[in-house]
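Worth knowing before you read on, the calculation uses all heavy atoms, side chains too, and leaves out hydrogens, waters and symmetry mates. Just so you know, ligand 1 is whichever comes first in the structure, and atom 1 is the first atom listed for that ligand. The first residue of the sequence shown is numbered 1, and numbering continues consecutively from there.
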Amino acid sequence: MRIATIVGARPQFVKAAPVSRALRRVHSEFLIHTGQHYDDNMSAVFFRELGIPDPEFTLGIGSGQHGAQTGAMLAAIEKVLISERPDAVLVYGDTNSTLAGALAAAKLHIPVAHVEAGLRSFNRSMPEEVNRVITDHLSSWLFTPSALSAEQLRLEGITKGVHIVGDVMLDVTSEILKNISALPFLDTLRLKRGGYILATLHRAETTDDDQRLMHIIAALSNLHLPVVFPVHPRTAGRMRELGIALPPSITALPPVGYSEMLQLTLGADVVVTDSGGLQKEAYFVSTPCVTMRTETEWKETVELGWNRLCDPDRGDLLSCVSLARSSRSLSHPSIYGDGDAAGAITRILADG
Ligand code: UD1
């Protein structure tokens with residue numbers, strides 16, 4: 001089968017790493033990079049570090065209002081699909097690049113494969129929720145990371161083409177963990193295992209509400225341990241605009257590479273984040289997580305007690321973090337598969 005894979009944002013590069021490798025053993029694949037993330041440390045570093053093949057098409061769309069960004073991607077992807085005529089289009093997750101890829105393919109009657117299908121926050125004010133709901137409803141293959149996400153699709157009337165394959169991010173994490181014996185990045189930053197909190201914030205719902213962003217940063221300043229904070233460009237921009245200065249207990253870093261991030265996650269006492277991917281990575285490496293949101297797509301991690309929701313406006317982060325630390329003794333089942341989701345996706349696509 002000839003497959004066009006659409007990527008554009010940081011988490012999609014990570015997911016493409018194992019899937020492209022597995023797909024190319026059996027199928028013919030080409031990559032279309034929309035350009036949604038374009039800084040070297042948000043994009044190229046992942047291609048280098050994770051050995052992702054160079055994109056055959058780079059669209060250079062960049063930032064913009066959601067409609068303009070998605071629309072520009074839609075037009076540019078459509079052109080490539082018309083000239084290349086792939087048998088299927090594969091998209092990942094919930095970004096504007098995902099939606100544009102799925103919509104361009106559906107309009108050309110090219111079947112869509114959605115990796116990370118069936119996730120829901122039930123919060124339609126998040127652009128990601130709109131993207132994932134529409135993409136699922138346009139897809140012919142829906143590859144879900146867990147049984148719960150397949151059940152959600154069933155509740156929405158989608159039963160055909162649904163495959164529980166496990167989480168592709170577990171493929172990447174397991175592979176890297178095999179080769180990590182020490183945590184050299186912690187030494188570089190003079191950090192001790194368990195001696196810091198790792199924080200990330202990037203979602204529009206967090207960064208675009210001034211009060212909320214200031215409340216979270218103030219709460220991070222009051223934790224029992226120092227905080228390491230790799231700052232997403234969107235968040236850095238908002239902090240500059242609002243004149244937010246960080247106290248010495250918070251160390252801001254530019255966005256870090258994948259292995260560095262995994263080392264930081266593994267060594268942290270607790271992770272505090274609004275990221276979807278990081279909530280799961282924390283679970284993979286058995287680090288307790290506090291999610292600065294009122295809901296999450298990764299409900300299994302909350303049900304098992306490894307992830308705690310903290311209201312970003314009114315929540316008491318200090319007590320959420322203290323409670324989270326007690327999760328380390330909880331049971332830790334393999335809810336996201338066996339680390340070979342990419343192999344399963346490849347086989348299912350080969351069966352047509
Ligand atoms: C996007 C996805 C989100 C995903 C996240 C991962 C959507 C709606 N959101 O959010 O689902 O979890 O990626 O990071 O698709 N910027 C740079 N350099 C870059 C990339 C972005 O400076 O390389 C800045 C730009 O000012 C841009 C802002 O960050 O306006 C936000 O980027 P955008 O593409 O809108 O989405 P993310 O917030 O990264």
Among residues at least two apart in sequence or on other chains, which ones pass side-chain hydrogen bond (donor to acceptor under 3.5 Å, both in side chains) with T301?
N307
At a heavy-atom distance under 4.0 Å, which protein residues reach ligand 1? Sort them by chain and number, would you?
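A9, P11, Q36, H37, Y38, D39, M42, S63, H66, Q69, D94, T95, N96, P127, E128, H202, H232, P233, R234.
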Check whether the ring centres of H163 and W141 lie less than 6.0 Å apart, and answer yes or no.
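No; W141 has its ring centre 6.0 Å or more from that of H163.
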Please tell me whether W306 and F284 form a close aromatic pair, meaning their ring centres lie under 6.0 Å apart.
no
Indicate the ring-plane relationship of H232 and H202, choosing parallel, tilted or perpendicular according to the 30° and 60° boundaries.
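Rings of H232 and H202: parallel, as their planes differ by under 30°.
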Does anything in residues 67-78 pair up under side-chain hydrogen bond (donor to acceptor under 3.5 Å, both in side chains), and if so which pairs, sequence neighbours excluded?
Q69-N96
Please list all pairs passing the side-chain hydrogen bond (donor to acceptor under 3.5 Å, both in side chains) test where one or both residues lie in residues 339-349, with sequence neighbours left out.
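Non-adjacent pairs meeting side-chain hydrogen bond (donor to acceptor under 3.5 Å, both in side chains): zero.
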